[in-house]
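Single-structure report; data block below.
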Number of protein chains: 2
Amino acid sequence: MSDRDHASEAEATELAERLAGSGLRMTSQREHVFHVLRAQTDHPTADEVYMRSKAERSDISMATVYNTLDALVKCGLVKQVNVDRAATRYCCNMQDHCHFYCEECGGVHDIELSGGIRDFPIRMPRDLSARQMDISIRGACRDPKGCARKTLKEGVKAQKDSLENE
Amino acid sequence: MSDRDHASEAEATELAERLAGSGLRMTSQREHVFHVLRAQTDHPTADEVYMRSKAERSDISMATVYNTLDALVKCGLVKQVNVDRAATRYCCNMQDHCHFYCEECGGVHDIELSGGIRDFPIRMPRDLSARQMDISIRGACRDPKGCARKTLKEGVKAQKDSLENE
DNA sequence: TTCTTAATTAGAATCATTCTAATTATTGAC
DNA sequence: GTCAATAATTAGAATGATTCTAATTAAGAA
Ligand SMILES: [Mn+2]
Ligand SMILES: [Mn+2]
Ligand SMILES: [Zn+2]
Ligand SMILES: [Zn+2]
């Protein structure tokens, strides 16, 4: 049994436990979608998750991808990330972090937070009680190789076409 | 001439100048939409701006409201505020601030920032250059009177109906 | 004016997401 | 294992915010 199998097994076990904790069942589709998410640290949209999932399991449906992503969010294994009004992205890094959006390539990167998110210099009015804080940063990633994603629209479309014509 | 007229006049002048600065023309629709936005400190959606605008100018169209809000954003008089995937809201407070979203009533409130947004304790990776940071807080506003907006969906719908049946 | 260009408008189109209703899979009791 | 009960999957329809289109109207320059 390879390291990879070990990793997948541990992943599946964690998934099954978390799902059970929320009264949800483990299924092969859910395992596969979760694995697809964990395979890359980018923050794919539902559509991208669908395409990647379909590459190995050609029978999976978009509806199931949406349902599964929902289930993963409900049981605390995945977070939704929204950038403007674009399609929701999914993040499976459950550490406390914030997001960087590259306006050049459209990529989203995780940024670790130094201190706890609590001790940020914000004075909360007395009549408002905070439950959660979200920080997002936008800018450009000046990676010499060019960024993770190509120039947003064209790049995403090209990627989609190439997967469809397989 | 009343104080109110003075205020409106100054508002219109600022608007005209800002529009001109972006190569855009001043129109009565734009003046009216801008005035509607400045009349309340809440963060209305395009649809809400449309309803409020139509209350006084029944001939204005939704398309114009969208176009105008766009123009106002382009010339730096208004900012867009996104909460999850819900309809975009519009904010005409141009000071540096962040947003509080009440999960109970759906209202959005401004929160002043103590220090400059620059000295927040975040270590940026070398290959990422930040241009802008957004902070949003979610929680509940425990106002004894109840919050600005009623319980989200029902409240918004009721408000819409009441305006339509005038 | 009159010409040119921009703004407004109604309605169609788009696109991510949610919903519906039918089918299939999983679970637990027997 | 059999069999109901319940949950998950699925295709496709519906939704809703926004954008686009193409026609009309208004504004500014000459
Ligand atoms: Mn992330
Ligand atoms: Mn604001
Ligand atoms: Zn980039
Ligand atoms: Zn509230």
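Everything quoted here is computed from the prediction, not taken from an experiment. Residue numbering restarts at 1 for every chain, and letters A, B, ... go by the order of the sequence lines.
Put simply, OH on B:Y90 is 6 Å from P on D:dT18, counting in whole angstrom units. Straight-line distance from the CG atom of B:D47 to the C1' atom of D:dT15: 14 Å, rounded to whole Å. Remark: C1' of C:dT9 and NE2 of B:H32 are 17 Å apart, rounded to the nearest angstrom. Following rounding to the nearest Å, B:Y50 (OH) and D:dA17 (C1') show an atom-to-atom distance of 15 Å. Distance CE (A:M62) to C1' (C:dC19): 15 Å, rounded to an integer number of Å. Rounded to a whole Å, the CG atom of A:N82 is 14 Å from the C1' atom of D:dA17. The nearest whole Å value for the distance from the CD1 atom in B:I60 to the P atom in D:dT25 is 17 Å. For the pair B:L19 CG and C:dA6 P, the computed distance is 14 Å after rounding to whole Å.
Residue B:A63 is classed as a base contact, given a heavy-atom separation below 4.0 Å to a base. B:D59 comes within 4.0 angstrom of the backbone, heavy atoms only, and of no base.
With B:R89 contributing its side chain and B:V83 its backbone, the two residues share no donor-acceptor pair below 3.5 Å. Between the B:R30 side chain and the B:A16 main chain, no donor and acceptor come within less than 3.5 Å of each other. Between the side chain of B:E17 and the backbone N or O of B:E14 there is no donor-acceptor pair closer than 3.5 Å. With hydrogens and angles ignored, the 3.5 Å screen pairs a side-chain donor or acceptor of A:R85 with a backbone N or O of B:R85.
Proximity of B:R85 to the phosphate of C:dT17: a side-chain N or O atom is located under 4.0 Å from OP1 or OP2. At C:dT9, one or more side-chain N or O atoms of B:Q29 fall inside 4.0 Å of OP1 or OP2 (strictly under the cut-off). Listed pair A:T68 / D:dA8 fails the phosphate criterion, with no side-chain N or O lying under 4.0 Å from OP1 or OP2.
Using a 4.0 Å cut-off between charged side-chain N and carboxylate O, B:D84 and B:R138 make a salt bridge.
For the helix from C:dT1-D:dA30 to C:dC30-D:dG1, the rotation axes defined at the first and last 5 base pairs enclose an angle of 30°, given to the nearest 10°.
For B:T27 and B:A46, each mapped to the nucleotide of DNA chain D holding its nearest heavy atom, the one lying further toward the 5' end belongs to B:A46. The residue among B:D70 and B:M26 whose nearest nucleotide of DNA chain D lies closer to the 5′ end is B:D70.
For the 3.5 Å distance criterion, the side chains of A:N93 and A:H43 fail to qualify, holding no donor opposite an acceptor.
Across C:dT8, C:dT9, C:dT17, the shortest atom-to-atom separation from the side chain of A:Y66 is found for C:dT17. When distances run from any side-chain atom of B:S61 to the nucleotides C:dA10, D:dT18, D:dA27, the shortest one goes to C:dA10. Nearest to the side-chain atoms of B:R25 among the listed nucleotides C:dA6, D:dT9, C:dT9 stands C:dA6. Across D:dA17, C:dA16, C:dT8, the shortest atom-to-atom separation from the side chain of B:N67 is found for C:dT8.
A:S28 and A:R57 get closest at one heavy-atom pair: OG-NH1, 2.8 Å.
Both B:I111 and A:I135 are assigned to one and the same hydrophobic cluster, defined by single-linkage of ILVMFWY side chains at heavy-atom distances under 4.5 Å.
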